[in-house]
Engineer: 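Have a look at this one.
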2 protein chains.
Amino acid sequence: MAALSTILPLDALQAHGTGPLYVKLRQSLEKAIRSGALQQGEALPAERDIADYASISRVTVRKAVDELVQDGLLVRRHGSGTFVAKPVSKVEQPLSRLTSFTEDMARRGLTTRSEWLERGLFAPSPDEMMMLGLGPGALVARFARLRLGDDNPLAIERASVLAEYVPDPNVVTTSLYSALEKRNARPVRAIQRISACNIKSHDAELLGVSEGSAGLSIQRISYLPSGKVVELTRSLYRGDAYDFVAELTLG
Amino acid sequence: MAALSTILPLDALQAHGTGPLYVKLRQSLEKAIRSGALQQGEALPAERDIADYASISRVTVRKAVDELVQDGLLVRRHGSGTFVAKPVSKVEQPLSRLTSFTEDMARRGLTTRSEWLERGLFAPSPDEMMMLGLGPGALVARFARLRLGDDNPLAIERASVLAEYVPDPNVVTTSLYSALEKRNARPVRAIQRISACNIKSHDAELLGVSEGSAGLSIQRISYLPSGKVVELTRSLYRGDAYDFVAELTLG
DNA sequence: CCAATACAATACCAAAAAAATACCATTTAC
DNA sequence: GTAAATGGTATTTTTTTGGTATTGTATTGG
């Protein structure tokens, strides 16, 4: 959890005359969220702690938080805490340095949307068993989506996650990474394999290109710190419609 | 077995205010494992012993251990003990950048060699003028090579360098970068564009593949810290013979 | 001025997580 | 086989968290 003093400058609250206390508090909190001082999924300090720290009543704190919850910036959990909400994006994690699909689409001014191709619990394919290190009895949750920019199909995303991390695959819109989130954003390593391939007929049809045209295949594996594999994502991008930009430093 | 006092500094647990007890315990244990104070395969002290030593409940110890087991860092054996797990999968070597052609080939045990396709000083093409930011009077050194692994053509590399950085284009036998670094040991930032394409007839012939098969196109621009562009490299890899691995850490 | 409203403080309620207690099951050593 | 040591589990208590009702206080509008 972020320290109170780092997210709430007291002087901003004590400047008087400019309006109600709770409004200033709300603005300060909103600023902390947007600036990243409070990360996604991170817990806000307890209402009582904020109240003590700022020497104001808890109800006042509450009123400020109320409005941010109303706006969808925060989420309350009775008995647990108040947390910074996550944006709607779900299955895919932003590729750290490679620009993400949505980012790039937004930069081009395209609207993005997704169509589900597959979603549910399955017995792992031989491929998945090998990559995820599973035995025969295991289960994986599979999420496949067609991603579109301005209603043109651009990519197919197939994610396989160890079932134990996904209690209910139909709720995934919000909580795929919840198992990891609870542990407060412990680092997860991903390895990406980037390669080119000729698109097979089935995928070509989905993407609306002719069979055999070039596709960019990106495969990502996410590990726990221990090295245990939790997730396997295989994406296929249309070669003619998309490319990736990575910035890196050479020795 | 390691002594309790050597693996668990009590003061770290007794520092109060920063969160739940079991979290601090978990962090301490994880640290002990990663630091090597607890070796692979070694037994963790019994839960009751840890509890007594730290003057906390055994269930609290259990909760901390639970999460490390969940992560795969520890393994429990009912009636026997809890042990430090052996790493599940060998995480591929930490690369903060895309592996280079020669590196990767060497790792696969392939012998590499190159054939020159073009080498010399030229007036810049419109493309190069734009990308390198050149005027009409400038000169560029161009190096085009066919790269082979075990005598199979794998990639075409086309590099354009500002002539001033390459006194004699015929002496560039080894790495371009070593030549550049000698003049300037400072780091160079590069932007890569990665995309897939269908290989055109001329290039297909060089690479020994059929026209239209998938190719991985990587375009790299190298800058000086000042922002000045020094190099432009366009590489075309056979999609069926090569892929790239990048490792990155997600927040 | 007085009523209506918004703001803030106090006190108490309910849900969830954290921690402690007591007891059960499995393995190992003898 | 038995006993000691180990991890496994169910239950309860305590603490922490958000939720709500009530009351007091300032601001505003007629």
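Within every chain, numbering begins at 1; the chains are lettered A, B, ... in the order of the sequence lines, protein sequences first and strands thereafter.
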Engineer: Name all residues meeting the side-chain hydrogen bond (donor to acceptor under 3.5 Å, both in side chains) criterion together with B:R58; count only those two or more places apart in sequence or in a different chain, and write none if there are none.
Structural biologist: B:E47
Engineer: Between N or O atoms, less than 3.5 Å apart, protein on one side and nucleotides 13-15 of chain D on the other: list the pairs.
Structural biologist:
none

Engineer: Rounded to whole Å, how long is the line connecting atom CZ of A:R76 with atom P of C:dA14?
Structural biologist: 18 Å
Engineer: Mapping B:G81 and A:G81 onto DNA chain D by nearest heavy atom, which one lands closer to the 5' end?
Structural biologist: B:G81
Engineer: In whole angstrom, what separates B:L25's CG from C:dA18's P?
Structural biologist: 14 Å
Engineer: Taking atom C1' of C:dA17 as reference, at what distance in whole Å does atom NZ of B:K24 sit?
Structural biologist: 15 Å
Engineer: Just so I know, are the side chains of B:V69 and B:R62 near enough to count as touching, which here means a heavy-atom distance under 4.5 Å?
Structural biologist: no
Engineer: Could you tell me whether a side-chain N or O of B:Y53 sits under 3.5 Å from a main-chain N or O of B:L8, the two making a donor and an acceptor?
Structural biologist: yes
Engineer: Report yes if a side-chain nitrogen or oxygen of A:Y22 is closer than 4.0 Å to either non-bridging phosphate oxygen (OP1 or OP2) of C:dA8; otherwise report no.
Structural biologist: no
Engineer: Kindly write out the residues that satisfy side-chain hydrogen bond (donor to acceptor under 3.5 Å, both in side chains) with A:D203, not counting sequence neighbours, or none if the list is empty.
Structural biologist: A:R158
Engineer: What residues from residues 57-64 of chain A pass a heavy-atom cutoff of under 4.0 Å to DNA chain D?
Structural biologist: A:R58, A:R62
Engineer: Between B:D52 (CG) and D:dT6 (C1'), how many Å, whole number?
Structural biologist: 14 Å
Engineer: Measuring only between side-chain heavy atoms, which start at C-beta, is A:D66 closer than 4.5 Å to A:R76?
Structural biologist: yes
Engineer: Rounded to whole Å, please give me the gap between CG in A:L68 and P in D:dG18.
Structural biologist: 14 Å
Engineer: Show the nearest heavy-atom pair for residues A:I199 and A:A214, with the distance to one decimal.
Structural biologist: CD1-O, 3.8 Å
Engineer: Taking side chain as C-beta onward, heavy atoms only, is A:E67 less than 4.5 Å from A:K63?
Structural biologist: yes
Engineer: Side chains of B:Q39 and B:V84, heavy atoms from C-beta outward: is any pair under 4.5 Å?
Structural biologist: no
Engineer: Is there a side-chain contact between A:V140 and A:S125, using heavy atoms and a 4.5 Å cut-off?
Structural biologist: no
Engineer: Do other residues, nucleotides or ligands put more than 12 heavy atoms under 6.0 Å from the CD atom of A:E118?
Structural biologist: yes
Engineer: Give the rounded distance in Å between these two atoms: CG of B:L21 and P of C:dA20.
Structural biologist: 7 Å
Engineer: Quick one: side-chain hydrogen bond (donor to acceptor under 3.5 Å, both in side chains) partners of A:E205, sequence neighbours excluded?
Structural biologist: none
Engineer: Each nucleotide in nucleotides 25-30 of chain C should get exactly one letter: B, S or -. Can you fill that in based on protein heavy atoms under 4.0 Å?
Structural biologist: BBB---
Engineer: Measure from CG on B:D49 to C1' on D:dG7 and round the result to the nearest Å.
Structural biologist: 13 Å
Engineer: Return the value, rounded to whole Å, for the distance between atom CZ of A:R48 and atom P of D:dT20.
Structural biologist: 14 Å
